[in-house]
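By convention in this document, chain letters (A, B, ...) are assigned in the order of the sequence lines, proteins followed by strands, and residues within each chain are numbered from 1. What you are looking at is a predicted structure, and each value in this text was computed from that prediction instead of being measured. Worth knowing before you read on, the calculation uses all heavy atoms, side chains too, and leaves out hydrogens, waters and symmetry mates.
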Amino acid sequence: MDPILEQIKPGAPLPPVFYRMTALEAAPLLLGQTLVRRTEEGDIRCRIVETESYGGVEDKGSHAHGGRRTARTEIMFGSGGTAYIYLIYGMYNCLNVVTGTEGDPQAVLIRAVEPLSPADEAGMRRNRGTAARKPVDLSGGPGKLCRALDITKTLNGLPLDQPGGPLWLEGGPVPGESGAEEVIVQAPRIGIAYAEEYAAKPWRFYFRGNPYVSVIDKQAEVWQLQETEATTDRSL
DNA sequence: TGTCCGATTACCT
DNA sequence: GGTAATCGGACAT
């Protein structure tokens, strides 16, 4: 097991070392962890099921590529453990978990979450402006999950390692007795066709078969399955 | 000060 | 499947 995963305890804050990793290391490990939103209406807890890594000045898909250090991207250059929230298309917010060390812009975009309980789901439905008929409509997509959790730019720069604040991260629940370990799919990121050679990097991660995932990449799943079979064959 | 456009979504045909 | 909605950030003028 990943040595950092071993340090993550259900319901406890993520260990400081978690936030010092690169975005590419942290993105798959964030899957299954819990995001907590606290408002006057109460707490909403949800499980992260899809992420994307945006790491380093060389990543042409990142807002910080080429070392672009502006008022907006400044938080990405700080040390890890904070929230980077920005407005997209004039109407949707996107939530990122900043990781890495001072001066190195690393961030993981949270693309989909699932409510942990019926009460959490009810809270998320209340926050959404539209009737979510399917799980993916409720919080499958970066803009949708921010709406569902009432996350706006007012929370930009907020520390995510401090339980009891407006927004924080904690270790996710352990899979149930019957729950087989979930398979992580690795696929190219969404909506960054302009990123040239970085557009095809498989830096999106999600739980295979989870109904809250925003975009299913059938090609990546088939390819990954073949790889697994080939590996199994060789080991026979 | 002006222009372009996005790490998207909802709703339409 | 197509596309309108809507505005702040980045950069040119």
Side-chain angles (χ1 to χ4, degrees), chain A residues 22-28 30-31 35 46 48-78 80 82-100 104-114 124-157 160 167 185-206 211-218 220:
Chain A
T22 64
L24 193 52
E25 291 167 331
L30 269 172
L31 295 180
L35 181 65
C46 54
I48 297 170
V49 299
E50 181 184 352
T51 61
E52 277 179 4
S53 163
Y54 289 86
V57 297
E58 66 280 359
D59 182 358
K60 291 179 180 168
S62 170
H63 293 161
H65 80 88
R68 233 153 98 207
R69 195 163 180 159
T70 65
R72 180 174 69 149
T73 65
E74 184 61 28
I75 192 68
M76 284 183 78
F77 286 84
T82 60
Y84 168 45
I85 299 163
Y86 63 89
L87 188 68
I88 186 79
Y89 295 105
M91 48 188 126
Y92 300 107
N93 291 105
C94 291
L95 168 68
N96 294 250
V97 177
V98 176
T99 68
D104 182 18
Q106 303 275 335
V108 179
L109 173 68
I110 308 301
R111 285 194 56 93
V113 299
E114 65 176 342
M124 289 164 68
R125 283 185 179 278
R126 269 197 303 278
N127 287 330
R128 297 282 281 126
T130 184
R133 317 185 56 137
K134 299 174 306 211
V136 69
D137 296 334
L138 181 66
S139 54
K144 289 182 238 182
L145 77 88
C146 283
R147 279 250 172 109
L149 297 174
D150 189 28
I151 292 170
T152 65
K153 275 186 68 181
T154 59
L155 302 178
N156 190 34
L160 294 172
L167 188 67
V185 177
Q186 223 184 315
R189 297 172 290 180
I190 301 296
I192 54 156
Y194 55 81
E196 301 174 15
E197 75 270 28
Y198 283 85
K201 302 274 186 194
W203 289 348
R204 183 164 72 103
F205 303 85
Y206 66 86
Y212 288 86
V213 168
S214 67
V215 180
I216 310 287
D217 192 323
K218 209 64 206 170

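Applying the side-chain hydrogen bond (donor to acceptor under 3.5 Å, both in side chains) criterion to Tyr212(A), with sequence neighbours excluded, gives no partner residue. The ring-ring contact (aromatic ring centres under 6.0 Å, His included) test applied to Phe77(A) returns no partner, not counting sequence neighbours. Partners of Arg125(A) by salt bridge (Lys or Arg N to Asp or Glu O under 4.0 Å), not counting sequence neighbours, listed by chain and number: Glu121(A). Partners of Arg69(A) under the side-chain hydrogen bond (donor to acceptor under 3.5 Å, both in side chains) rule, at least two apart in sequence or in another chain, are Glu74(A). Qualifying salt bridge (Lys or Arg N to Asp or Glu O under 4.0 Å) partners for Lys218(A), counting only residues two or more places apart in sequence or in other chains: Glu221(A). For Ala83(A), the side-chain contact (heavy atoms from CB on, under 4.5 Å) test picks out Ile85(A), Leu95(A), Leu160(A), with sequence neighbours left out. Taking the side-chain hydrogen bond (donor to acceptor under 3.5 Å, both in side chains) definition, one finds that Lys60(A) meets it with Glu196(A), Glu197(A), sequence neighbours left out. Considering only residues two or more places apart in sequence or on other chains, Asp217(A) meets the salt bridge (Lys or Arg N to Asp or Glu O under 4.0 Å) condition with none of them. Partners of Thr22(A) under the side-chain hydrogen bond (donor to acceptor under 3.5 Å, both in side chains) rule, at least two apart in sequence or in another chain, are Glu25(A).
At a threshold of 4.5 Å between non-hydrogen side-chain atoms, the residues Tyr54(A) and Ile192(A) count as touching.
Stem regions for DNA chain C, each three or more consecutive Watson-Crick or G-U pairs with both distances under 3.5 Å and listed by first number, read B:1-6 with C:7-12, B:8-12 with C:1-5.
Relative to the six-membered ring of Tyr198(A), Arg189(A) misses at least one condition, a distance below 6.0 Å or an angle of at most 45° to the axis.
In this structure, Arg204(A) reaches neither bases nor backbone, as no heavy-atom distance under 4.0 Å exists between it and the strands shown. Using a 4.0 Å heavy-atom criterion, one finds that Gly61(A) contacts the bases of the nucleic acid, with or without backbone contacts as well. Leu109(A) comes within 4.0 angstrom of a base, heavy atoms only. In this structure, Asp137(A) reaches neither bases nor backbone, as no heavy-atom distance under 4.0 Å exists between it and the strands shown.
Between Arg128(A) and Tyr194(A), the residue anchored closer to the 5' end of DNA chain B is Tyr194(A), taking for each the nucleotide with the nearest heavy atom.
Where DNA chain B meets chain A (any atom under 4.0 Å from a heavy atom), the bounding nucleotides read 5' to 3' are dG6(B) to dC11(B).
Here, dG1(C) and dA7(B) have their C1' atoms 23 Å apart, quoted to the whole Å.
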note = Per-nucleotide protein contact along nucleotides 6-13 of chain C, 5' to 3', at a 4.0 Å heavy-atom cut-off (B base, S sugar-phosphate only, - neither), is BBSSSS--
